[in-house]
Amino acid sequence: MSPDSGEYLVFETTDAMWQFMADKWKEISSGAVEKKGHFTAALSGGKTPVGFYRRLSSVEGLEWNRTCLFLVDERFVPWENVESNYGMLKEILLSRISIPSGNVHPIVTGTSSPIASAEKYEGELRAFFKLPEGGIPEFDIILLGIGEDGHTASLFPGSGALKELDRLVVPVKLGAAIHERITITLPVINNARNVFFLVSGRRKKVVMRKLRQGHDRTLPASMVNPQKGKLSFLMDREAVG
Ligand code: 6PG
């Protein structure tokens, strides 16, 4: 499967998109709980998924005590900072649901460096998923967004992080004025059972067109290619144009 063979679904409104995603979350999470006793998801930050997290917080019948949440990426800032993905998740979702605190796995940023944070998070993934040497976690759901430059998670065009084959989590250095980041890598994303991109707004129109045409293989989002899982792009009408 490649991104051009992934499923592209277009919704008239973001509200309809959130409802679809919430229904999928319910279906996939209950299936996972039934099969293995728990459900795992890795969540992205950015502005697009905020509406979905708000919607998810009010869905009834979800087994939050069997749900384990991880982060796709994080900025190297304190959790209280407005730029923190965990800070946003806490405010919009976690503070509104009954999830045991031990089920939530944020990327710790109170370390000496993004390198230390990435190593710590990798250790956390390895311990949680009980991974053997060389093992890769298999998330039930990974939620991604896409930037206008085609980045996804904190995997930016031209970044060495895109070539990472061994590490599950890496630090990412951007321009001097921007916070450094920590991100899960492509091997983790591409080992998930279900990968959903949530895409909204006309600013994403050009990059989505490029992605669908499939010519530009340097776009990080075009490298998302789950080997055993399902890839879906959920887009609102504005993102399609
Ligand atoms: C982040 C994300 C990043 C995001 C895209 C799209 O932490 O910012 O993980 O990859 O999904 O930049 O962001 P918007 O949803 O804000 O457009």
Side-chain angles (χ1 to χ4, degrees), residues 3 6 11 14-15 17-18 21 41-56 69-94 105-109 114 117-118 121 139 141-159 161-162 164 168-175 177-186 188-190 192 194-211 218-224 231-241:
F11 298 85
T14 44
D15 204 54
M17 189 158 103
W18 305 151
M21 190 60 234
L43 307 179
S44 278
K47 296 196 177 52
T48 311
V50 170
F52 170 64
Y53 297 144
R54 200 168 279 129
R55 170 67 52 91
L56 192 62
L69 297 179
F70 292 79
L71 271 281
V72 161
D73 65 341
E74 183 60 285
R75 288 154 185 83
F76 191 65
V77 294
W79 289 338
E80 299 72 37
N81 189 299
V82 286
E83 294 279 309
S84 165
N85 285 346
Y86 176 62
M88 176 273 284
L89 266 175
K90 203 167 151 191
E91 184 190 333
I92 308 290
L93 176 66
L94 305 173
H105 301 261
I107 296 175
V108 174
T109 52
S117 288
Y121 207 51
F139 281 102
I141 287 184
I142 294 189
L143 282 188
L144 296 174
I146 183 168
E148 288 160 63
D149 59 357
H151 80 259
T152 190
S154 286
L155 298 165
F156 290 83
S159 163
L162 291 166
E164 184 60 48
L168 308 177
V169 187
V170 293
V172 178
K173 209 169 168 54
L174 300 165
I178 311 170
H179 300 298
E180 286 182 57
R181 299 191 185 198
I182 297 105
T183 187
I184 61 169
T185 54
L186 284 169
V188 179
I189 296 173
N190 288 334
N194 297 277
V195 177
F196 292 95
F197 276 87
L198 302 181
V199 191
S200 157
R202 67 177 67 126
R203 287 188 304 115
K204 306 291 169 70
K205 210 165 75 176
V206 175
V207 72
M208 285 313 293
R209 192 183 306 133
K210 279 193 203 160
L211 196 67
T218 65
L219 292 177
S222 74
M223 299 174 197
V224 173
L231 173 63
S232 309
F233 292 86
L234 312 191
M235 308 159 69
D236 67 7
R237 179 59 63 197
E238 288 196 342
V240 184

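Start at 1 and go down the list; that is how both ligands and their atoms are numbered. Quick caveat: nothing in here was measured; it's all calculated off a predicted structure.
Enumerated by chain and number, the residues approaching ligand 1 to less than 4.0 Å through a heavy atom are S44, G45, G46, K47, T48, D73, R75, N85, G145, I146, H151, T152, A153, R181, K204.
Atom OG1 of T109 and atom CH2 of W79 lie 6.5 Å apart (nearest 0.5 Å). Note that OH of Y86 is 6.0 Å distant from CG of L94, once rounded to the nearest 0.5 Å. Rounded to the nearest 0.5 angstrom, D236 CG and K204 NZ are separated by 9.5 Å.
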Side chains of residues 142-155: which donor-acceptor partners sit under 3.5 Å, not counting sequence neighbours?
from: E148; atom 1: OE2; to: R203; atom 2: NH1; distance (Å): 2.2
from: D149; atom 1: OD1; to: H151; atom 2: N; distance (Å): 3.0
from: D149; atom 1: OD1; to: H151; atom 2: ND1; distance (Å): 2.7
from: T152; atom 1: OG1; to: G145; atom 2: O; distance (Å): 2.7
from: S154; atom 1: OG; to: D73; atom 2: OD2; distance (Å): 2.7
from: S154; atom 1: OG; to: R181; atom 2: NH1; distance (Å): 3.0

Next item on the list: Evaluate side-chain contact (heavy atoms from CB on, under 4.5 Å) for I184 paired with L168, printing each intermediate quantity in order.
Entry: CA-CA 6 Å; I184 61 169; L168 308 177; over 6 Å; no
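Under the 30°/60° scheme for interplanar angles, the aromatic rings of H105 and F70 are found to lie parallel.
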